[in-house]
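Whatever order the structure lists them in is the order used to number ligands and atoms, beginning at 1. On a predicted model such as this, the values are computed, not experimentally measured, just so you know.
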Amino acid sequence: MKVTVYSCREFDEKELFIQYGKELGIELVLCPDAPCMENAALAEGSECIDILTSKMTEELLGALKERGVRYVVTRTIGYDHIDREAAKKLGITVANAPYGPHGVADYAVMLILMSIRKMKRIIERTNIQDYTLQGIQGRELKDMTVGVIGTGRIGRTVIHNLSGFGCRMLAYDLFENEEVKKAAEYVTLEEIWKQADIITLHAPLTEDSFHMIGKDTIAQMKDGVVIVNTARGGLIDSQALIAGIESGKVGAAGLDVVENEFELYYYDRKSDVLNNRELAVLRGFPNVTVTHHMAFYTDECVKTVVRDSLMGCRLFAEGRENPWEVA
Ligand code: NAI
């Protein structure tokens, strides 16, 4: 069987694809570019294609179908970039390739620690041989209350990771989880705003959760609250966060995701004038750590995603049950 892999990254994916392709007996066409009308012909003879987060429109899916494609797997957890209605109409199966929660959960804990220990300022100082102490005193997690919003795969792992630090943990989710209750106490969102010294977000972005942290909710929070977001940028109103930091209400933030990050992240844009003022302002604060949506990015994650995306193709081709099919 043959699989055409689009958006194949030379520096970390290519070798893994070659290795797993051999192990699974799959012939591969490796293309560094995202799928588009111009390169749809590369899928000729491939029943399955393997993609990243590129938009899969009805037109593009139709062009791929004409080349014989019957299965599209995305090397991501989310699959909202694929027009699933169109795929269904065309008889194309859609699948994903999720990775474990540990990479993001570890990263969230790192951002919490970096925020409460003022690590951005410390690194900036040591880089210029400023070895003073004033302004970089930290706090200890054991004296703090952490509010975890969203106790799914990642939120639960964060709670597990934090349980050795001795902090008090509060949790909020639409659905309570028995495992979580052993280490954290479920409370209302209002109680999280009122009691948490640190708030870490692990809920998906939905109509309900959009801007769940905004002007009104920040006003209810403790003075000096630390906000960590490794979930989705849209959960936080960036303008409100900036105002909160400027007023001192928000003591620090660790942001792996921000609003309107598309078309910025994963590209080299250092010579460009960017049109995301909020990102520029947030990045400039000494108490805000911004990273480019990379909490997931570990050796384990890349390996799992490459392997499982190809395994799904193999199962599909053999007509076997496939745990990764989503539509
Ligand atoms: P999950 O689906 O296992 O858990 C999400 C939890 O959030 C569920 O328990 C759900 O009931 C809860 N939830 C849904 N709406 C909610 C609301 N309005 N308020 C509170 N809780 C709500 O998802 P998982 O894998 O734990 O992912 C969590 C977040 O992390 C997602 O936003 C995902 O997009 C993001 N993520 C970020 C990555 C990064 O690299 N920064 C990588 C992977 C995921």
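Scanning the protein heavy atoms around atom 34 (O) of ligand 1, the nearest turns out to be Arg232 CZ, 3.0 Å. Of all protein heavy atoms, the one lying nearest to atom 44 (C) of ligand 1 is Ile154 CD1, 3.7 Å. Protein heavy atom at the shortest distance from atom 12 (C) of ligand 1 is Asp173 OD2, 3.2 Å. Counting protein heavy atoms only, atom 15 (N) of ligand 1 is closest to Leu174 CD1, 3.5 Å. Considering only non-hydrogen protein atoms, atom 28 (C) of ligand 1 sits nearest to His202 O, 3.2 Å. Of the protein's heavy atoms, Thr230 O, 3.1 Å lies nearest to atom 37 (C) of ligand 1. For atom 25 (O) of ligand 1, the closest non-hydrogen atom on the protein side is Arg153 NE, 3.4 Å.
What you find for Phe11 and Tyr297 is that their closest heavy atoms are CE1-OH, 3.4 Å. In terms of heavy atoms, Tyr186 sits closest to Asn177 at OH-N, 2.9 Å.
Listed for the Lys2 side chain is a donor-acceptor partner under 3.5 Å among the backbone atoms of Glu44. Side chain of Asn229 to backbone of Ala231: a donor-acceptor contact under 3.5 angstrom is found. With hydrogens and angles disregarded, no donor-acceptor distance shorter than 3.5 Å links the side chain of Asp308 to the backbone of Ala97.
Counting only non-hydrogen atoms, the option in Ala231, Gly233, Pro101, Ala108 that gets closest to atom 35 (C) of ligand 1 is Ala231. Looking at Ala203, Ala295, Gly152, it is Gly152 that brings a heavy atom closest to atom 4 (O) of ligand 1. Here atom 14 (C) of ligand 1 lies nearest to Pro204 when heavy atoms of Cys301, Pro204, Ser209, Gly234 are compared.
Classification of the Tyr265-His292 ring pair by plane angle, with boundaries at 30° and 60°, yields perpendicular. The aromatic rings of Phe296 and Tyr99 sit tilted relative to each other, their planes meeting at an angle between 30° and 60°.
Ile227 and Val158 fall within the same hydrophobic cluster, where Ile, Leu, Val, Met, Phe, Trp and Tyr residues are linked whenever their side-chain heavy atoms come under 4.5 Å apart, directly or through other members.
Atom 2 (O) of ligand 1 lies below 4.0 Å from none of the non-hydrogen atoms of the protein. Atom 9 (O) of ligand 1 is approached by the protein to below 4.0 angstrom, counting heavy atoms only.
By the criterion of a heavy-atom distance under 4.0 Å, the side chain of Tyr99, and not its backbone, is placed next to ligand 1. Proximity of Val104 to ligand 1, defined as any heavy-atom pair under 4.0 Å, is confined to the side chain (atoms from C-beta onward).
With rounding to the nearest 0.5 Å, the separation of CD1 in Ile92 from CZ in Arg84 is 14.0 Å. With rounding to the nearest 0.5 Å, the separation of NZ in Lys14 from CG in Leu30 is 6.5 Å.
In summary, the atoms of ligand 1 found under 4.0 Å from a heavy atom of Phe175, numbered by their order in the structure, are 11 (O). Per-residue contacts place His293 under 4.0 angstrom from the following atoms of ligand 1 (heavy atoms of the residue considered): 38 (C), 39 (C), 40 (O), 41 (N). Counting atoms of ligand 1 from 1 in the listed order, those under 4.0 Å from a heavy atom of Asp256 are 39 (C), 40 (O), 41 (N). Taking every non-hydrogen atom of Tyr172 and a distance limit under 4.0 Å, the qualifying atoms of ligand 1 come out as 19 (N), 20 (C). Set against the non-hydrogen atoms of Phe296, the atoms of ligand 1 under 4.0 Å away are 40 (O), 42 (C).
In Glu59, the CD atom is not crowded: 12 or fewer heavy atoms of neighbouring residues, nucleotides or ligands sit closer than 6.0 Å.
Using a 4.0 Å cut-off between charged side-chain N and carboxylate O, Lys194 and Glu191 make a salt bridge.
Checking only distances, Asp208 never comes within under 3.5 Å of ligand 1, N or O to N or O.
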